[in-house]
Amino acid sequence: MPELPKKYNIGEREKYWQNFWAKEGTFKFDEKSDKPIYSVDTPPPYVSADHLHMGHIMSYSQAEFVVRYKRMRGYNVYYPMGFDDNGLPTERFVEKKYKIDKSKVTRPEFVKICLEETKKGAQNYKDLWTALGISVDWSKTYSTINEHCQQISQWSFIDLYKQGKMLYKEEPTFWCPKCQTALAQADLEDKEEKGKLNYVNFSSPDGKKLQIATTRPELIPACVALFVNPEDKRYRDLVGKKAKVPLFDYEVPIMADPLVDPEFGTGLMMVCTWGDAEDVRKWKEYKLETRKIVDTKGLLTELAGSYQELYLTKAREQILADLKKEGLLEKQADTEHVMNVHERCDTPAEFIITKQWFIKVLDAKEALLKRGEELKWHPEHMKSRYVNWVEALKWDWCISRDRYYGVPFPVWHCQDCAEVILPEEKDLPVDPSVDKPPVSTCPKCKSENIVPESNVMDTWMTSSLTPLIGAKLVEDEAMQQKLYPATLRPQAFEIIRTWLFYTVTKAYYHHKSLPFKEKYSPESQLPFSDAMISGHGLDDKGRKISKSLGNYVDANKIIEQYGADAIRYWATGASLGANMRYSEDEIKKGKKTVNKLWNATKFCLSHFANLDLEKKVELEPADQWVLDELYNTIQDVTDDFDNYEYSKARNSTDAFFWQTFTDNYLELIKYRLYNKEEVGSESYIAAQQTLYTCISAILKLYAPIMPFITEELYQAYFKDIEGANSIHISAWPEAKGEWEMKDEETKAEFAKVLGVIFEIRKYKSDQQISLGKEINEFKTGDKDLPEKYFDFVEKATRVKKLIR
RNA sequence: GGGCACUUGGCGCAGUUGGUAGCGCGACUGUUUUACACACAGUAGGUCGGGGGUUCGAAUCCCUCAGUGCCCACCA
């Protein structure tokens with residue numbers, strides 16, 4: 001009979017099983033199997049995260065609970081891993097970490113540092129995920145800067161270009177003066193700021209005062225018109241006339257637009273090129289003049305006269321001071337206004353006119369909303385975030401970034417006729433800055449003046465293709481078709497508007513071009529069928545974990561201290577989509593559960609000598625009762641996992657394991673197991689068999705959540721009986737109909753029996769005597785307890801004589 | 001200004017078809033019951049954010065108000 005050591009050495013054994021799973025290839029995808037597929041579009045983390053905290057652990061664990069469950073349910077699980085290591089996040093990380101001034105290094109030098117740095121980052125992640133027991137197939141990994149991903153990203157570009165979904169246009173676009181690149185709408189965040197509303201005097205040609213209110217006086221030299229509401233009686237006569245711009249002394253037209261709010265400021269509004277989206281609209285609609293006064297670095301241009309070369313904020317101070325001096329600043333009022341800042345650096349975004357690549361999304365809104373409806377959201381309410389975002393879209397998706405490190409556009413431009421020259425698909429990936437163009441002269445104008453596109457792609461341009469990137473890691477094309485679209489997309493809610501939205505968009509546009517027709521119907525044009533949206537981690541006080549607060553807990557340290565199982569247990573603490581606090585108490589509870597499983601299994605194994613699972617014996621009431629409870633538990637837990645409710649699954653498993661099984665059932669049958677004369681009797685065998693059924697099911701129910709301890713215990717005994725090489729590929733427990741206590745009368749009777757047992761425990765507790773102490777007699781308050789249970793109650797509670 | 005979520009014992013949370021309020025942590029009183037003191041037995045503690053309605057009956061459905069958090073929005 002196997003005997004477990006007294007203590008379970010968490011650190012040592014968890015390492016052992018990590019190696020075991022790697023060596024055995026337990027989580028390796030079976031490319032030959034014809035079992036049903038469950039494929040996961042694993043989130044590729046930014047490797048530039050320089051510290052991994054509990055928030056990372058939480059979201060990856062939560063998805064993994066479901067994945068492990070599916071594996072045990074018999075699915076052929078495809079669980080690849082990716083690392084997002086291209087683009088702006090990485091660039092900024094490297095610049096900051098090494099304090100690099102990019103104007104002083106060459107592009108290849110810089111890229112080399114980025115590659116080295118991301119390699120380190122990927123290793124950090126791999127180590128942490130391995131320690132946590134995340135069951136990905138490490139033989140199926142990608143990094144978004146590698147050739148595989150570049151090839152698919154460039155294919156995507158060309159396909160969209162050919163479909164006419166790609167625009168190359170010169171337009172005022174969101175621009176980050178700090179990162180010096182164009183941005184997409186999704187790269188911006190709202191930030192509320194206290195500021196001043198400045199009342200500034202313009203003047204009419206005949207010298208009349210025209211007062212406007214603005215929060216951005218530095219844009220006065222960019223003013224191209226004044227606007228009023230057409231209904232505004234105060235200004236009606238002015239429409240069609242001219243106004244003189246203060247300090248700069250040139251004239252602009254006065255016009256009317258119904259969207260001007262007469263109640264705001266003075267009702268007279270300054271329109272610049274370009275202060276905000278509304279300026280851009282008016283500029284386009286009324287074909288206003290263009291005055292470019294801000295350059296790509298956020299410095300004012302020569303149009304700003306004496307303010308040239310000043311940064312925007314500096315120019316504001318200067319202009320305000322000068323206005324004041326001239327008596328043109330009538331007053332200043334406190335105001336709060338919302339501005340768009342670049343989410344990666346918090347710098348207010350400007351509108352700058354540059355030539356950029358865009359993917360059309362505005363004219364696909366309706367179709368994209370429909371895709372959102374077709375997607376199965378878990379939890380359901382997260383869908384509204386997607387719907388909100390799509391409905392509010394105002395700009396096409398700008399995918400080019402004026403940066404160094406990213407996937408190059410597969411594009412050359414003819415300098416003379418602006419023809420766009422693309423490579424052959426078979427030559428992808430290409431790097432136009434290094435590779436020769438596919439033609440030596442422009443196919444349209446025969447010019448030899450061909451130059452490579454210098455911008456790189458937005459990182460989302462690649463990560464929006466992860467389901468395809470993942471599927472294509474497998475070589476067999478028939479299998480690729482089964483892997484795409486993926487089954488599950490797990491991700492955090494913050495990136496619904498980016499990762500999820502962009503991926504849905506790409507899948508919708510590409511579905512006709514992909515060879516993967518088998519799973520596709522006209523109704524299904526999604527990159528995955530289910531989206532599992534997690535919340536984010538909070539610190540123990542409920543604040544968001546952030547670098548600036550310094551409130552993050554080092555993930556590796558906690559694993560070392562408590563073990564991966566205990567931390568994963570904590571990660572079940574909040575239901576899907578809810579934010580979750582870091583709680584050391586919950587981790588401790590997890591560790592206790594590990595310990596309890598160890599001890600309970602140790603107890604069971606010590607009674608499994610000559611275990612005969614085949615022999616038909618009659619079960620006793622206690623056995624029937626616990627099996628009935630087990631039946632309900634398995635059903636509940638199965639339903640819960642099917643509904644992505646790992647939190648409820650854990651609660652139900654906990655309740656059965658701690659209360660029903662260990663606190664009650666084990667205590668109720670000890671007298672049968674320890675009585676030497678009973679060994680080998682029907683009663684003894686019934687207890688053994690029931691014990692086996694319960695404990696093996698318990699281990700399996702916990703296996704998705706606590707993979708290490710359950711594997712340890714499974715391997716110690718159950719493996720030989722069940723056959724599967726690992727508990728994680730063994731069969732999920734079946735709730736057998738025969739366990740269900742269908743007879744209501746027996747059920748009610750046993751409830752009474754338990755009532756009397758609790759009565760006796762309370763009596764002993766009140767008397768402050770040990771539960772193990774035998775007492776001579778006990779008079780129960782339950783007058784209806786059937787006599788046939790007296791013997792059982794007496795033995796189970798150590799009462800010599802039970803009196804009714 | 002709009003949307004979504006949340007508001008249940010000291011703390012963190014469950015309560016999915018409406019039917020006598022649960023769990024964990026903490027507190028307190030006990031107990032070495034031949035698995036486990038990382039345990040077990042027991043005790044105290046809540047009129048389920050406020051108000052109104054539907055119903056024989058509501059934490060659970062409807063309305064309304066308030067607070068918290070997140071997302072979104074052109075009031076310069």
Side-chain angles (χ1 to χ4, degrees), chain A residues 4 6-8 189-190 197-198 212-216 219 227 259-272 275-282 335 337-338 340 379-389 391-394 493-494 496-497 535-536 538 540 542-544 562 566 573-575 577-581 583-586 588-607 639-640 643 645 647-648 651-652 654-655 658-659 662-664 666-667 670 673-674 695 758 760-774 797-798:
Chain A
L4 294 176
K6 190 146 175 61
K7 289 275 178 199
Y8 169 61
E189 251 171 19
D190 296 348
L197 187 58
N198 304 283
I212 60 110
T214 180
T215 52
R216 302 204 56 189
L219 292 183
F227 268 81
L259 281 193
V260 176
D261 179 359
E263 304 294 316
F264 188 90
T266 60
L268 189 56
M269 173 188 189
M270 157 177 103
V271 170
C272 309
D276 59 22
E278 188 56 18
D279 280 354
V280 176
R281 182 191 67 92
K282 293 200 187 79
T335 181
H337 65 128
V338 179
N340 290 318
E380 176 78 32
H381 73 255
M382 287 294 178
K383 181 165 73 184
S384 68
R385 289 176 186 257
Y386 174 89
V387 172
N388 274 351
W389 176 252
E391 283 176 345
L393 274 174
K394 233 170 47 191
F493 68 80
E494 294 102 309
I496 287 176
R497 68 182 201 176
H536 56 214
L538 305 174
D540 54 356
R543 300 173 304 179
K544 193 172 177 176
Y562 294 102
S575 48
N579 295 337
M580 189 165 54
R581 286 183 189 220
S583 156
E584 203 151 336
D585 280 344
E586 275 295 296
K588 285 180 183 158
K589 179 77 200 307
K591 200 175 166 210
K592 285 180 181 181
T593 305
V594 168
N595 184 252
K596 188 86 170 170
L597 275 170
W598 176 263
N599 285 306
T601 308
K602 188 151 66 92
F603 172 83
C604 294
L605 295 196
S606 71
H607 295 286
D639 282 352
D640 291 339
N643 293 318
E645 298 276 12
S647 181
K648 288 177 189 170
N651 281 339
S652 306
D654 272 354
W658 286 82
Q659 272 86 61
T662 58
D663 290 351
N664 287 307
L666 291 188
E667 298 304 328
K670 274 181 180 169
L673 295 172
Y674 283 121
I695 192 67
F758 296 152
I760 295 167
R761 284 180 183 168
K762 181 163 163 52
Y763 171 77
K764 287 187 176 179
S765 182
D766 288 347
Q767 298 300 309
Q768 304 198 344
I769 57 175
S770 152
L771 287 176
K773 186 171 168 62
E774 193 171 60
T797 59
R798 306 201 182 185

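Side-chain atoms are counted along with the backbone in the values below, which use heavy atoms only and exclude waters and symmetry mates. So you know, we letter chains A, B, ... as the sequences are listed, proteins then strands, and number each from 1.
Residues meeting the salt bridge (charged side-chain N to carboxylate O under 4.0 Å, His left out) test with A:Arg761, sequence neighbours left out: none. With sequence neighbours excluded, the residues forming a ring-ring contact (aromatic ring centres under 6.0 Å, His included) with A:Phe603 are A:His607, listed by chain and number. A:Lys591 is linked by a side-chain hydrogen bond (donor to acceptor under 3.5 Å, both in side chains) to nothing, counting only residues two or more places apart in sequence or in another chain. Every side chain to side chain contact (heavy atoms under 4.5 Å, CB included) that A:Lys602 has, sequence neighbours left out, goes to A:Leu4, A:Trp598, A:Asn599. Scanning for ring-ring contact (aromatic ring centres under 6.0 Å, His included) contacts around A:His337 gives an empty result, with sequence neighbours left out. For A:Ala277, the side chain to side chain contact (heavy atoms under 4.5 Å, CB included) partners are A:Phe351, A:Lys394, A:Trp395, not counting sequence neighbours. Looking at residues two or more places apart in sequence or on another chain, you find a ring-ring contact (aromatic ring centres under 6.0 Å, His included) between A:Tyr763 and A:Phe778. Under the side-chain hydrogen bond (donor to acceptor under 3.5 Å, both in side chains) criterion, A:Glu645 pairs with no residue, sequence neighbours left out.
The closest side-chain heavy-atom distance from A:Val594 to A:Tyr562 is not below 4.5 Å. Counting heavy atoms from C-beta outward, A:Asp279 and A:Phe227 have side chains that stay 4.5 Å or more apart. The side-chain heavy atoms of A:Leu259 and A:Met269, taken from C-beta on, include no pair separated by under 4.5 Å.
Taking atom C1' on both B:rA73 and B:rG1, the two are 8 Å apart, rounded to the nearest angstrom. Spacing of P atoms, B:rG9 relative to B:rA41, comes out at 25 Å, to the nearest Å. Look at the C1' atom in both B:rC65 and B:rG24: the space between them is 33 Å, to the nearest Å. Taking the P atom of each, B:rA14 and B:rU7 are spaced 7 Å apart, rounded to whole Å. Taking the P atoms as reference points, B:rG22 lies 14 Å from B:rG45, given to the whole Å. Taking the C1' atoms as reference points, B:rC13 lies 14 Å from B:rA59, given to the whole Å. Rounded to a whole angstrom, the distance from the C1' atom of B:rG2 to that of B:rG18 is 32 Å. With both ends at atom P, the span from B:rA21 to B:rU33 equals 37 Å, rounded to whole Å.
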Produce the list of close N/O pairs, under 3.5 Å, pairing protein atoms with atoms of nucleotides 38-45 of chain B; give distances to one decimal.
| from | atom 1 | to | atom 2 | distance (Å) |
| --- | --- | --- | --- | --- |
| B:rC38 | O2' | A:Asn595 | OD1 | 3.3 |
| B:rA39 | O3' | A:Lys596 | NZ | 2.8 |
| B:rC40 | OP1 | A:Lys596 | NZ | 3.1 |
| B:rC40 | OP1 | A:Asp663 | OD1 | 3.0 |
| B:rA41 | O2' | A:Arg761 | O | 3.3 |
| B:rA41 | N3 | A:Ser765 | OG | 3.3 |
| B:rG42 | O4' | A:Ser765 | OG | 3.4 |

Listing time: all N or O pairs from protein to nucleotides 11-15 of chain B that are below 3.5 Å?
| from | atom 1 | to | atom 2 | distance (Å) |
| --- | --- | --- | --- | --- |
| B:rG15 | OP1 | A:Lys648 | NZ | 3.1 |

Using a cutoff of under 3.5 Å, can you pull out all pairs of nitrogen or oxygen atoms linking the protein to nucleotides 73-76 of chain B, with atom names and distances?
| from | atom 1 | to | atom 2 | distance (Å) |
| --- | --- | --- | --- | --- |
| B:rA73 | OP1 | A:Gln185 | NE2 | 3.4 |
| B:rC74 | OP1 | A:Lys394 | NZ | 2.3 |
| B:rC75 | O2 | A:Asp261 | OD2 | 2.4 |
| B:rC75 | N3 | A:Asp261 | OD2 | 2.4 |
| B:rA76 | N6 | A:Asp261 | O | 2.9 |
| B:rA76 | N6 | A:Phe264 | O | 3.2 |
| B:rA76 | N1 | A:Asp261 | N | 3.3 |

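Both A:His536 and A:Trp598 lie near RNA chain B, and the one whose nearest nucleotide falls closer to the 5' end is A:Trp598. When each of A:Ser384 and A:Glu494 is assigned the nucleotide of RNA chain B with its nearest heavy atom, A:Ser384 is the one assigned upstream, toward the 5' end.
Atoms CD (A:Glu391) and P (B:rC4) sit 11 Å apart, rounded to a whole Å. Look at OH on A:Tyr763: it is 18 Å from P on B:rG30, rounded to the nearest Å. For A:Ile760 and B:rU33, the CD1 to C1' distance is 15 Å, given to the nearest whole Å. Atom CD in A:Gln659 sits roughly 11 Å away from atom C1' in B:rG22 (whole-Å rounding). The interatomic distance linking A:Asn388 (CG) with B:rC4 (P) rounds to 8 Å, in whole Å. To the nearest angstrom, C1' of B:rU32 lies 12 Å from NZ of A:Lys670. In this entry the distance linking CG of A:Leu4 with P of B:rU34 reads 19 Å, nearest Å. The separation between A:Asp654 atom CG and B:rC23 atom P is 13 Å, rounded to whole Å.
Minimum heavy-atom separation, A:Lys764 to A:Thr797: NZ-O, 2.8 Å.
In this structure, the nucleotide among B:rG30, B:rG3, B:rC36 sitting nearest to the side chain of A:Gln768 is B:rG30. Across B:rU29, B:rC36, B:rC25, the shortest atom-to-atom separation from the side chain of A:Lys589 is found for B:rC25.
For A:Asn198 (side chain) and A:Thr214 (main-chain N/O), a donor-acceptor pair under 3.5 Å exists by modelled atom type. Within the 3.5 Å criterion, the main-chain N or O of A:Arg581 finds no donor-acceptor partner in the side chain of A:Asp540.
Nucleic acid contact class of A:Phe493 (heavy atoms, under 4.0 Å, all strands): sugar-phosphate only. No engagement by A:Ile496 is indicated, since no non-hydrogen atom pair under 4.0 Å with the nucleic acid exists. Note on A:Ser583: nothing from the nucleic acid sits closer than 4.0 angstrom, heavy atoms only. Residue contacts for A:Glu667: at a heavy-atom cut-off of 4.0 Å it reaches a base atom on one of the strands shown.
Secondary-structure stems of RNA chain B, taken as three or more successive Watson-Crick or G-U wobble pairs (i with j, i+1 with j-1) under a 3.5 Å distance threshold, comprise B:1-7 with B:66-72, B:10-13 with B:22-25, B:27-31 with B:39-43, B:49-53 with B:61-65.
We find that A:Lys588 and A:Glu584 are not joined by a salt bridge, their nearest charged nitrogen and carboxylate oxygen being 4.0 Å or further apart. Ion pairing between a basic and an acidic side chain is recognised when a charged N comes within 4.0 Å of a carboxylate O; A:Glu586 and A:Lys589 show no such pairing.
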